[in-house]
There are 2 protein chains.
Amino acid sequence: MAVTDEAIEKIKGMIVSGALRPGDRLPKESELAADLGLSRNSLREAVRALSLIRILDVRQGDGTYVTSLDPQLLLEAMSFVVDFHRDDTVLEFLAVRRILEPAATAMAALRISEQQLDALTAQLDKLGDAPSVEDLVACDLEFHRGIVHSSGNSVLCSLLDGLSGPTTRARIWRGLTQEDAVGRTLREHRAILAALRDRDAEAARSWATVHIASVEQWLRSTL
Amino acid sequence: MAVTDEAIEKIKGMIVSGALRPGDRLPKESELAADLGLSRNSLREAVRALSLIRILDVRQGDGTYVTSLDPQLLLEAMSFVVDFHRDDTVLEFLAVRRILEPAATAMAALRISEQQLDALTAQLDKLGDAPSVEDLVACDLEFHRGIVHSSGNSVLCSLLDGLSGPTTRARIWRGLTQEDAVGRTLREHRAILAALRDRDAEAARSWATVHIASVEQWLRSTL
DNA sequence: GTCGCTTAAGACCTCCGACGTATCACGTCA
DNA sequence: TGACGTGATACGTCGGAGGTCTTAAGCGAC
């Protein structure tokens, strides 16, 4: 195994074992390199790799720190990976989202605060009846993000955030080509919000399923 | 932005845009460094980072290649990230798995082959009535992996693979401390398999839910 | 003609030393 | 007391020198 890979494993080990805790500062490059028995250049490769996936936070002139290791932060790195997926796997991503999002919406129905409900309502009101496709899709992302956040599960929240990325382009495309896709989306958002207000988890779940399934169905018929 | 980060973005761009396709070989380090306008050392940091998340495959003595970019391969990198999560988030991971796994099992009920069913049966038979906890957990992972694979969704499959890792330790712990956890797991596996044989998606979903919920419940009461 | 070994070229691996740049802390001065 | 300047510190970047591994061409024996 290459010395750099060893260094990655050792640093990972230090964090997993608790020797390095979130927020801790690592020894400076030259010292850590000496400790781990490799050159500063090779160590930097290891640190850079761990930095890309948000394990380490490198600040020039200051030092290198362990990040908070929050699920939200770590899974955020997933969206970087997701960007590489080819268009032909969008349907598989959407299928997973179709499983997770209704469940998350149902969970949110039981936990969401009145304040959050009002915020979502205001958001939909602000958008108006005939928004641009770009505005709608941006609002769509924000709407679902807000709901999923209220599910209370940060892993679920981050996961859905990552999965939603690849379908964004598809949704824009749909908005531009399918008749009444905008109006339909707006109506479905209102329905989901109403179900949340009623604390009706099953209705919320069903509307979320319908909402995603309509995109899925359209995409399947188009590809 | 640092030159290394620029290089990461540029290489990513080349892949996403299609200039570099899966399996393609990159120019050699010295050439690519010159093309991108940075030193070979800094370029290596970029390549190493992309290599860690399985975007690039570096082979000493040969060259650097773009991986297949299969969802399975890319999400495999997620398990590396998941390893960093602290024990207090295991419940959140388990909650997500509780959503995905029943759905995957239900999907599998409609698609799984007779051959695969026989393989799963043979696997359970081979384990016997009183396996060691380690064998049981390993078999447990393999059993679920086989079922999820039959769901036909590789993104779902890889995702569950990544999520199952963190709970492995918990399951071993449970097997060692909870009375009849082994017998219960074996019975539930048989029940899931029977539902799959009957092509009964709803029964399969329910048994999978019960199976995971029992772990979740035990874990919640223990923490 | 085929198989197996030797050899050389190509590409990545590791290291070293030097210099550039950003940040923070301390001391100075108004 | 507060703002500013300065130095120490740590990361950022670079060029070059060997080292190691893979591959394939070259060559001889069967």
Side-chain angles (χ1 to χ4, degrees), chain A residues 1-15 19-69 73 77 80 84, chain B residues 1-15 19-69 73 77 80 84:
Chain A
M1 183 187 281
V3 292
T4 301
D5 294 315
E6 283 181 29
I8 292 177
E9 287 302 321
K10 285 178 182 171
I11 295 173
K12 175 180 179 180
M14 286 191 279
I15 295 175
L20 284 174
R21 310 187 62 183
D24 278 0
R25 177 178 177 164
L26 274 67
K28 64 179 175 184
E29 288 181 346
S30 56
E31 281 182 15
L32 187 54
D35 288 347
L36 299 182
L38 45 76
S39 74
R40 187 173 155 240
N41 262 329
S42 298
L43 172 67
R44 276 184 58 80
E45 291 183 18
V47 171
R48 172 73 65 175
L50 291 173
S51 160
L52 180 66
I53 57 177
R54 314 299 178 91
I55 300 297
L56 298 179
D57 179 21
V58 181
R59 305 176 203 163
Q60 180 179 170
D62 184 358
T64 302
Y65 300 81
V66 180
T67 67
S68 65
L69 298 182
L73 186 68
F80 183 91
F84 284 91
Chain B
M1 184 187 282
V3 292
T4 301
D5 293 314
E6 284 181 29
I8 291 177
E9 287 302 320
K10 286 178 182 173
I11 295 173
K12 175 180 178 178
M14 287 191 279
I15 295 175
L20 283 175
R21 309 185 61 185
D24 278 0
R25 176 179 178 163
L26 273 69
K28 62 180 176 185
E29 286 181 347
S30 56
E31 283 181 15
L32 187 55
D35 288 346
L36 299 182
L38 42 71
S39 74
R40 207 173 70 86
N41 264 330
S42 298
L43 172 67
R44 277 184 57 79
E45 291 183 18
V47 171
R48 172 72 66 177
L50 291 173
S51 161
L52 179 64
I53 58 177
R54 313 298 178 93
I55 300 298
L56 298 179
D57 179 21
V58 182
R59 306 176 202 163
Q60 180 178 173
D62 185 358
T64 303
Y65 299 82
V66 180
T67 66
S68 64
L69 300 180
L73 186 68
F80 183 92
F84 285 91

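Since the structure is predicted, the reported quantities are computational estimates derived from the model, not experimental observations.
Atoms CG (B:Leu38) and P (D:dG15) sit 10 Å apart, rounded to a whole Å. Taking atom CD of residue A:Gln60 and atom P of nucleotide C:dA22, one finds them 6 Å apart after rounding to whole Å. B:Glu45 places its CD atom 15 Å from the C1' atom of D:dG15, with the value rounded to the nearest Å. Atom C1' of nucleotide C:dC12 and atom CD of B:Glu31 are separated by 14 Å, given to the nearest angstrom. For B:Glu29 and C:dC12, the CD to C1' distance is 5 Å, given to the nearest whole Å. Atom CE in A:Met1 sits roughly 17 Å away from atom C1' in C:dT14 (whole-Å rounding). The nearest whole Å value for the distance from the CD atom in A:Glu6 to the P atom in C:dC15 is 10 Å. Per the geometry, NZ belonging to A:Lys28 stands 13 Å off P belonging to D:dA8, to the nearest Å.
Contact annotation for A:Thr64: backbone-only contact, meaning every heavy-atom pair under 4.0 Å involves sugar-phosphate atoms and none involves a base. Within the 4.0 angstrom heavy-atom criterion, only backbone atoms of the sugar-phosphate kind lie near B:Arg59; the bases stay farther away. Backbone-only contact: A:Thr4 has heavy atoms under 4.0 Å from sugar-phosphate atoms and none from a base.
Checked options A:Glu31, A:Glu45, A:Glu29; the residue passing with A:Arg40 is A:Glu29 (criterion: salt bridge (charged side-chain N to carboxylate O under 4.0 Å, His left out)).
Between C:dC13, D:dT22, C:dA11, one nucleotide has an atom nearer to the side chain of B:Asp62 than all others, and that is D:dT22.
A salt bridge does not link B:Asp5 with B:Lys12: every distance from a Lys NZ or Arg NE/NH1/NH2 to an Asp or Glu carboxylate oxygen is 4.0 Å or more.
In this structure the side chain of B:Leu50 reaches within 4.5 angstrom of the side chain of B:Ile8, judged on heavy atoms.
The 5' end of DNA chain D is approached more closely, in terms of each residue's nearest nucleotide, by A:Arg40 than by the other of B:Gly61 and A:Arg40. Place B:Leu43 and A:Ser30 on DNA chain D by their nearest nucleotides, and A:Ser30 ends up nearer the 5' end.
For CZ of B:Arg59, the number of neighbouring non-hydrogen atoms (other residues, nucleotides, ligands) closer than 6.0 Å is greater than 12.
Counting only distance, with no hydrogens or angles, the side chain of B:Ser51 and the backbone of B:Asp57 share no donor-acceptor pair below 3.5 Å.
A close approach under 4.0 Å does occur between a side-chain nitrogen or oxygen of B:Ser42 and OP1 or OP2 of D:dC14.
Between the base of D:dG12 and the side chain of A:Arg48 there is no donor-acceptor pair shorter than 3.5 Å. You'll find a donor-acceptor pair under 3.5 Å spanning the side chain of B:Asn41 and the base of D:dG15, going by distance alone. A donor N or O paired with an acceptor N or O is not found under 3.5 Å between the base of C:dT14 and the side-chain atoms of A:Arg44.
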